[in-house]
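Quick notes on the structure that follows.
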Amino acid sequence: MVHAFLIQTLRAPNAEDTGFCRVLYSYVFGAEKSPDDPRPHGAERDRLLRKEQILAVARQVESMCQLQQLASGRPCSDQQPQISDEPVSLHEAPHGIFGLAAGDPFQEPRTVVWLGVLSLGFTLVLDAHDNLLLAESTLRLLARLLLDHLRLLAPGSSLLLRADHVEGILSRFLPHGQLLFINDQFVQALEKEFNASWPL
Amino acid sequence: MLDPCASADHMAESGDRREEVRSVGRHVFTVLESRQPEGPSLRPLLPVLSKVMGLAPETLQEDQTTLLNKRLVDWLRYARIQQGIPHSGGFFSTPRARQPGPITEVDGAVASDFFTVLSTGQHFTEDQWLNMQAFSMLQAWLLLSGPEGPGIPDTEDKSELEGSTLSVLSAASAGRQLLPQERLREVAFEYCKRLIEQSNRRALRKGDSDLQKACLVEAVRVLDVLCRQDPSFLYRSLSCLKALRGQLGQDPGSERALLPLAQFFLNHGAAAAVDSEAIYQDLFTRLPSELFYRPVLAFEVVRFCRDNFPLFDLHLLGLLKLSFPNLFKLLAWNSPPLTAEFVALFPALVDAGTAVEMLHSLLDLPCLTAALDLHLRSSQMPSERPLWDTSLRTPGFLEAFRDPQFQPLFQHLLRTKASGSTERLVPLYQLLQPMTSCARVAQCAQAVPTLLQAFFSSVTQVASGSLTNQLALLVLERSSALYQVPQYQAHVHRVLSSQFLALCKQKPSLVLELARELLELVGSVSSIQSRAGMFTCVVWAIGEYLSVTYDRRCTVELINKFFEALEALLFEVTQSRPSADLPRCPPQVVTVLMTTLTKLASRSQDLIPRVSLFLSKMRTLGQNAATSSVYSEEDAEAIRTRATELRSLLRMPSVAQFVLSPSAEVCRPRYHRDTNTALPLALRTVSRLVEREASLLPG
């Protein structure tokens, strides 16, 4: 089962600002077993903990992406933001994978698969038994759907106001964190359903 | 009615609410039980169920498990193979319903057998959707509900099957009715077998082709689980997988399936008495050397080794250890994500037989990165998207890469197996100098210190006395022969210095056994120039460990020899004016030389007058014209103070010996807490005595 999905900003490797990347959207499907803590803890504390964990993952994804961009000699700043409607080629977008040790930041060891599309990063946090190949293609699919339907890369588009759109896509293509073995025709059928509920 | 989907979302936020989870589960099963065709669609429910199982597997009851097993069998095996009818609508739809066409395979042919996730059509029926979802959760369900899962224990009697390693008799052939769980396993097996056959077809769409590869991986993984839960599946699985093995060699892009296949043979190869050597050869040899530039594949290979090495038999473990040069290619190219994985893998990889070669390889890792970049430039087709660093132009490099003079060195660097010999790659460092500005090389260089630490902590577990000596020598030798990536040398020196000291601490007689090499090192001033930190550690180690207490073979002659060499060196760096050949020596080197000389003198007391004389000369350091410009006032002051302290100590030789060459029990804290024998007390006493003595002297 996928533990979490997130969308974040990715800054160019030599960015002058020294702040952190921003998490634009995140959804945590799984639940961590609460540590043995006799004090009753509220939902707010859990929520803050999850937020911290997601931010920690996002920072690592950003640095991995920046390192990869530098290593391939193609820094982000070269690319112009995509304004046209042409589909972004995702098979050649920077992508990668790394492991998270137990306790850092999640209790269980997990694996992170990420995909960078210009200034946006898409990430899946996976559990031990997840099929990595399926996770990669699901991530590319989600990225394509989100970019197409929400026009995320167009100037002036704001993801923060359209969380329900994103949830609509997630509930169909990654229901409750379940990776689905969907072939092209299934994808088209699901897209049709999504378009019916969220007309472009 | 409680909406299970909404509740399921809420469940994620509160892992503790077992009761809520249980009630959601109950509702879902209630819906599952009802067989009404007009009932609510079951499509949203399976993922909810999957989540419930993930969060609280122990809440499932036996009748619920049985029900789910039966339903899964229905959906996986008996989904219809006609396409669904699209919802009628639109102005121009004909009143007579169109005949639904058959389901097709991904290559367009009509479906040859039951419906699977690799079957396509224009519209899908409900049971076909459920087929897809059922397969998506199949592996997790099998694991949960199987005998080793946290779910309810398997109730059937396994004693007959456990004894035989290759039981051909399955429950079905034994003639009895299958339990729902057994039936599910049987259906799962058929499904996987069909998927493996279907993945042979040439898909018309790219998305389907990607899915075929994912399905192949999943099918092998499910077969692995099935064989673990019921060994009677082994025989049939093997014949399935043998065909797959052959096909994996040819098809590019199918390498990812090699990993679950290797896992399968690791888990079951012994029972099946199958020779899986070829697969591991592929995994350790072909994959890393040909496809090192694929980050996810590289990660998977290393993860496989890291997760499974406790299960490797001796032969396979030996193969892994010998393949380290190849595995290092994955590390050299993808250092940021793989560094942590390799740190965890070192305990398996490090071996006394290959340790020396491995240390050389680790120190040359950035050079390997550069060589791999060149290798890609020279071997890739021009039409393909470049994998190397495109910001770096390397005119003339490709010719050098193919130059027969450098060929053996490149071949050694890019070797796939431990060769047992080492090559000095210094000519390559000069050749590849322009590539040190390459980002990937720099990233690799940054990872090396961490890797060195991990290497040393593993190797000290297995190192014998002679290996420790070899490693220490290697450390000394290589500290002056490194690929010149910016800041690489400084960081590596720091690690190597501390590791050299750790080696000495572990085996103090090292200093004595390597006396000849160490004498050579401290004999020449040039040693100080490039590696002052390293040199300081070596001199300190000499002072600390060259004594009878650490090794009985230590003779006075040896101490004298070292003394003379160090004294000459100290004279040269302090008394001569610095020149182009003799740059300024860092003050730490001066103080450590003085302290070491004093330590040696305290052990061979004939030397004390010589040292005292020298130290008194040092007290005027920085105060005469020759040396005043060399050191800052602070540094000169520090050196003078140290010289004075040491000289005072030497006035009472037995105290000097006590302080500078303490025996083992003195080093224990108890010795210092006991007020009668504490060292600070002794020192205070000495200082007071010396002061009083000085005040009693006339003038």
Side-chain angles (χ1 to χ4, degrees), chain A residues 1 13 27-34 43 46-47 50 63-64 67-75 91-92 94-101 111-113 127-138 140-141 167 171 174-189, chain B residues 5 8-9 11-16 44 46-48 50-51 54-55 106 117-124 129 132-133 135-137 139-140 143 205-208 210-211 213-215 217-218 221 256 295-296 299-300 303 334 336-338 340-341 385 387-392 438-440 443:
Chain A
M1 194 179 83
Y27 197 106
V28 178
F29 297 102
E32 300 216 290
K33 295 190 205 17
S34 41
D46 285 344
R47 195 183 69 82
R50 269 200 308 277
S63 68
M64 286 289 176
L67 287 171
Q68 200 185 86
Q69 292 288 81
L70 284 172
S72 62
R74 277 184 287 267
H91 273 281
E92 299 186 346
H95 65 282
I97 181 172
F98 58 90
L100 294 172
T111 311
V112 175
V113 175
D127 286 335
H129 287 295
D130 284 326
N131 184 321
L132 285 180
L133 202 42
L134 184 65
E136 282 180 86
S137 48
T138 306
R140 275 199 298 272
L141 175 64
E167 270 177 45
S171 67
L174 193 61
H176 299 287
Q178 174 80 58
L179 290 167
L180 296 177
F181 286 87
I182 36 180
N183 59 40
D184 241 33
Q185 298 282 51
F186 271 112
V187 170
Q188 282 183 28
Chain B
C5 299
D9 288 339
M11 275 187 320
E13 298 168 2
S14 51
D16 281 346
L46 273 196
V48 174
S50 213
K51 188 173 198 176
L55 288 178
V106 290
V117 294
L118 286 177
S119 309
T120 66
Q122 293 288 338
H123 302 278
F124 295 107
W129 281 101
M132 178 271 290
Q133 284 179 336
F135 180 68
S136 301
M137 60 177 269
Q139 201 215 12
L143 282 172
R205 295 192 190 84
K206 177 84 170 72
D208 291 345
D210 288 344
L211 187 68
K213 299 190 179 88
C215 286
V217 167
E218 188 75 4
R221 277 158 34 118
R256 298 287 290 273
V296 186
F299 181 87
E300 281 197 286
R303 259 297 162 95
N334 306 288
L338 289 186
E341 306 293 318
R385 194 167 150 268
L387 297 162
W388 58 83
D389 184 344
T390 49
S391 66
L392 197 71
C438 198
R440 202 181 288 272
Q443 286 168 16

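So you know, we letter chains A, B, ... as the sequences are listed, proteins then strands, and number each from 1.
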>> Taking side chain as everything from C-beta outward and backbone as N, CA, C, O, which of these in C438(B) sits under 4.5 Å from a heavy atom of chain A? Side chain, backbone, both or neither.
In response: neither
> Do you know which of L338(B), V117(B), L118(B) has the most heavy-atom pairs with chain A at a distance under 4.5 angstrom?
Replying inline: V117(B)
> Heavy atoms, side chains only, cut-off 4.5 Å: are N183(A) and M132(B) in contact?
Replying inline: no
> For E341(B), is it the side chain, the backbone, both, or neither that has a heavy atom closer than 4.5 Å to a heavy atom of chain A?
Replying inline: side chain
> Less than 4.0 Å between a side-chain N and a carboxylate O, is that true for E136(A) and R256(B)?
Replying inline: yes
>> Which one wins on heavy-atom pair count under 4.5 Å against chain B: L133(A), L141(A), V187(A)?
In response: L133(A)
> Does any heavy atom of chain B fall under 4.5 Å from the side chain of D127(A), the backbone, both, or neither of them?
Replying inline: neither
>> Quick check against the 3.5 Å criterion: does R303(B) have a side-chain atom that pairs as donor or acceptor with the backbone of G99(A)?
In response: no
>> Once rounded to the nearest 0.5 Å, what's the spacing between atom CD of Q139(B) and atom CG of L179(A)?
In response: 11.5 Å
>> If I compare all heavy atoms of F181(A) with all of A214(B), which pair ends up nearest, and what's the gap?
In response: CE2-O, 3.9 Å
> If we only count heavy atoms from C-beta on, is the F299(B) to T111(A) side-chain gap below 4.5 Å?
Replying inline: yes
> Rounded to the nearest 0.5 Å, what separation is found between the CG atom of L132(A) and the CD atom of E300(B)?
Replying inline: 4.5 Å
>> Quick one: does any side-chain atom of K51(B) pair with a main-chain N or O of M1(A) as donor and acceptor, under 3.5 Å?
In response: no
> Side chain, backbone, both or neither: which part of Q122(B) has an atom under 4.5 Å from a heavy atom of chain A?
Replying inline: both
> Quick one: does P336(B)'s side chain get under 4.5 Å of Q68(A)'s, heavy atoms only?
Replying inline: no
> Taking atom CZ of F29(A) and atom OG of S50(B), what is their separation to the nearest 0.5 Å?
Replying inline: 12.5 Å
> What part of L67(A) gets closer than 4.5 Å to chain B, counting heavy atoms only: side chain, backbone, both or neither?
Replying inline: both
>> Holding to side chain to side chain contact (heavy atoms under 4.5 Å, CB included), I want the full list of residues that pass it with S137(A), two or more places apart in sequence or in another chain.
In response: L134(A), R140(A)
>> With a 4.5 angstrom heavy-atom cut-off, is it the side chain or the backbone of L46(B) that approaches chain A, or both, or neither?
In response: neither
> Could you give the distance from CZ (F186(A)) to OG1 (T120(B)), rounded to the nearest 0.5 Å?
Replying inline: 9.5 Å
> Hey, is the main chain of P47(B) close enough, under 3.5 Å, to the side chain of Q178(A) for a donor-acceptor pair?
Replying inline: no
> For V217(B), does its backbone N or O pair with a side-chain atom of N131(A) as donor and acceptor, under 3.5 Å?
Replying inline: no
>> Looking at D208(B) and D184(A), would you say the former's side chain and the latter's main chain have a donor-acceptor pair under 3.5 Å?
In response: yes
>> Does any part of the side chain of P337(B), heavy atoms only, come nearer than 4.5 Å to the side chain of M64(A), both counted from C-beta?
In response: yes
> What's the verdict on side-chain contact (heavy atoms from CB on, under 4.5 Å) for H123(B) and Q185(A), showing C-alpha distance, side-chain angles and the deciding distance?
Replying inline: CA-CA 8 Å; H123(B) 302 278; Q185(A) 298 282 51; over 6 Å; no
